[in-house]
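Attaching a single structure in C-alpha cells format; questions to follow.
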Amino acid sequence: MAGSVLTAAAGSARAGDLDTLERVLSESPEVVAARDGHGRTLLDLACRAATGDIAIPLVPGTPEQHAAVDHILAAGADPSAADDDGWTPLHTAAMAGHLDLAKRLVAAGASVRANAHGRDGGTPLSYALFYAKAYMAEALTPVHPDNLRTTAALGRGLDRFFGRDGELTPAALEGLDFYAPVFFPARERTLERQEVLDEALCWAARNDQCGTMQALVDLGADVNANPFRGTPLLWACYSDRVEAAAWLLDHGADPDLRHDWGGEGHGVQAVAMHLAAQHGAVGCLNLLLDRGADHTVVDAAYGGTPLGWAEHGGATAAIEILKRRAGG
C-alpha cells in the first residue's frame, strides 16, 4: 500500500496535479517519509520531475511542478533525505542549475555538505561547478568543499592554498575524492601539485574565471594539460565560455590537440571543436574557426568531423556555421 501511495503522490507531483497531491498528503501524511526501490523520497522524485529529470541544458519545469515541491516541503519532508547513493534533492537542483529551487531547499534546511556516491567532496556545489554553474554558489553556502579547485571555479583568491615555498597546503586538497559524475571512467589520483593545479585550471576555465586562470598558470598550471577527460580549452568550449577560451588560446592552448575526454568512449582522440560543434557552443565554435582550428579533423571512435558531431547532436546553428564558414 505504501508503494502505491508514493507512486500516486509522485505521479501527481510530476503532472503538476496539486489537487490530487494535496489529497494524498492529507490522507496519507506518512508518504513524505516513504521511499521507492532506489531509496528516493517523494521530495526527491518531485525535484527530479521539476528539473526535467536533472536535464542539462536546463529544463525549467512548470510552475505547478515547483509548487508541488513546496507542498511536499510544507508537509514535513526532510530536505536532506538521501537516496541509496547519497544523492539528495539539493544535488538535483545544483547539477541541473535550478537556483531558485536550491534556495528553497536550503531555506527548508537542506544540507550543503551531503556527499553523493560515497565520495568526499561530492557535494551539490561540486556538481554545479563541474557542470559550469558557478552561479549556484549564491544558494549553496557555506562553500563546501572549500578547496583550491572550488575556489578557482568561483573566481576567488587562491593565496591561502599555498605555503611560502609554493607548495599546496592541506586545505587545497580537501574534498578531491570527487572528480566527476559516476558515469565517467574511474580515476587514480596522485594529488601531486601539478595534477591539482591543472584540474583547478579546468574547473576555472569552464566557469569563465580568467583571473584565477592567470593565477594558476603563474603557479605552474599547464594550459594544454589533460588531468582528467578534458583540457581547460575543451571544458571552456563545453560551456561556451568565449572569454576563457580566448584567454587560453592567447596563452598557448593548442586548438587541435587530440585527447580523450568526457564519459567512457565518448571523446576518443577528439578536439575542442568536436565538442563545441556537438553542444552548439557557437561562440567558441566561431572563435576556434577564427583562430585557424582544423575543421576537417576526425575523432578516433566514430571517424567524425566537427560537422558530423554537430549533425549527430542536432546542433542546427553549429551546422550552419560550419557549412557557411568551413564549407562543411
Salt bridge (charged side-chain N to carboxylate O under 4.0 Å, His left out) contacts touching residues 110-124 (sequence neighbours left out): none
message: Counting only heavy atoms not in Q214 (residues, nucleotides, ligands), do more than 12 fall under 6.0 Å from its CD?
response: yes
Centroid separation Y127 to F178 less than 6.0 Å: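 Close enough - the centres of the two rings lie under 6.0 Å apart.
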- prompt: Between H117 and P181, is there a donor-acceptor pair closer than 3.5 Å when you use the side chain of the first and the backbone of the second?
  reply: no
- prompt: Does a donor on one side chain sit under 3.5 Å from an acceptor on the other, for D44 and T41?
  reply: no
message: Using a 3.5 Å distance criterion without hydrogens, assess whether the side chain of T20 forms a donor-acceptor pair with backbone atoms of D17.
response: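 No; zero donor-acceptor contacts below 3.5 Å.
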message: Parallel, tilted or perpendicular, judged at 30° and 60°: which one describes the rings of F184 and F228?
response: tilted
Pair up each side-chain donor or acceptor in residues 76-83 with any protein partner under 3.5 Å, not counting sequence neighbours, and list the distances.
| from | atom 1 | to | atom 2 | distance (Å) |
| --- | --- | --- | --- | --- |
| D78 | OD1 | S80 | N | 2.9 |
| S80 | OG | G109 | O | 3.4 |
| S80 | OG | S111 | N | 2.8 |
| D83 | OD1 | D85 | N | 2.8 |
| D83 | OD1 | G86 | N | 3.2 |
| D83 | OD1 | W87 | N | 3.0 |

task: Using the salt bridge (charged side-chain N to carboxylate O under 4.0 Å, His left out) rule, collect all pairs that involve residues 278-293, keeping only residues at least two apart or in two chains.
output: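 Counting only pairs at least two positions apart or across chains, the salt bridge (charged side-chain N to carboxylate O under 4.0 Å, His left out) contacts touching residues 278-293 are D250-R291, D290-R325.
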Donor-acceptor list for residues 273-282 side chains, cut-off 3.5 Å, not counting sequence neighbours:
| from | atom 1 | to | atom 2 | distance (Å) |
| --- | --- | --- | --- | --- |
| H274 | ND1 | V271 | N | 3.1 |
| H274 | NE2 | V297 | O | 3.4 |
| H274 | NE2 | G304 | O | 2.8 |
| Q278 | OE1 | H266 | NE2 | 3.3 |

- prompt: With Y135, which residues qualify under ring-ring contact (aromatic ring centres under 6.0 Å, His included), at least two apart?
  reply: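 None.
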field: By side chain to side chain contact (heavy atoms under 4.5 Å, CB included) - contacts of A318 (at least two apart)
entry: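 A318: side chain to side chain contact (heavy atoms under 4.5 Å, CB included) contacts with L285, A310, A315.
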task: State which residues pass ring-ring contact (aromatic ring centres under 6.0 Å, His included) with H251; sequence neighbours excluded, sorted by chain then number.
output: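 Only W247 meet the ring-ring contact (aromatic ring centres under 6.0 Å, His included) criterion with H251.
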Pair listing, salt bridge (charged side-chain N to carboxylate O under 4.0 Å, His left out) test, anchored in residues 153-177, at least two apart: D146-R160
query: With sequence neighbours excluded, what pairs up with D256 under the side-chain hydrogen bond (donor to acceptor under 3.5 Å, both in side chains) test?
result: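 Once residues adjacent in sequence are excluded, D256 has no partner under the side-chain hydrogen bond (donor to acceptor under 3.5 Å, both in side chains) criterion.
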query: According to the salt bridge (charged side-chain N to carboxylate O under 4.0 Å, His left out) rule, which pairs have a member within residues 68-77, sequence neighbours left out?
result: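 Matches after skipping sequence neighbours: D70-R104.
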Quick one: side chains of residues 230-237, donor-acceptor pairs under 3.5 Å with protein atoms, not counting sequence neighbours, listed by atom name and distance.
| from | atom 1 | to | atom 2 | distance (Å) |
| --- | --- | --- | --- | --- |
| T231 | OG1 | L234 | N | 3.1 |

field: ring-ring contact (aromatic ring centres under 6.0 Å, His included) partners of H71, counting only residues at least two apart
entry: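 Listed in chain order: nothing, the list is empty.
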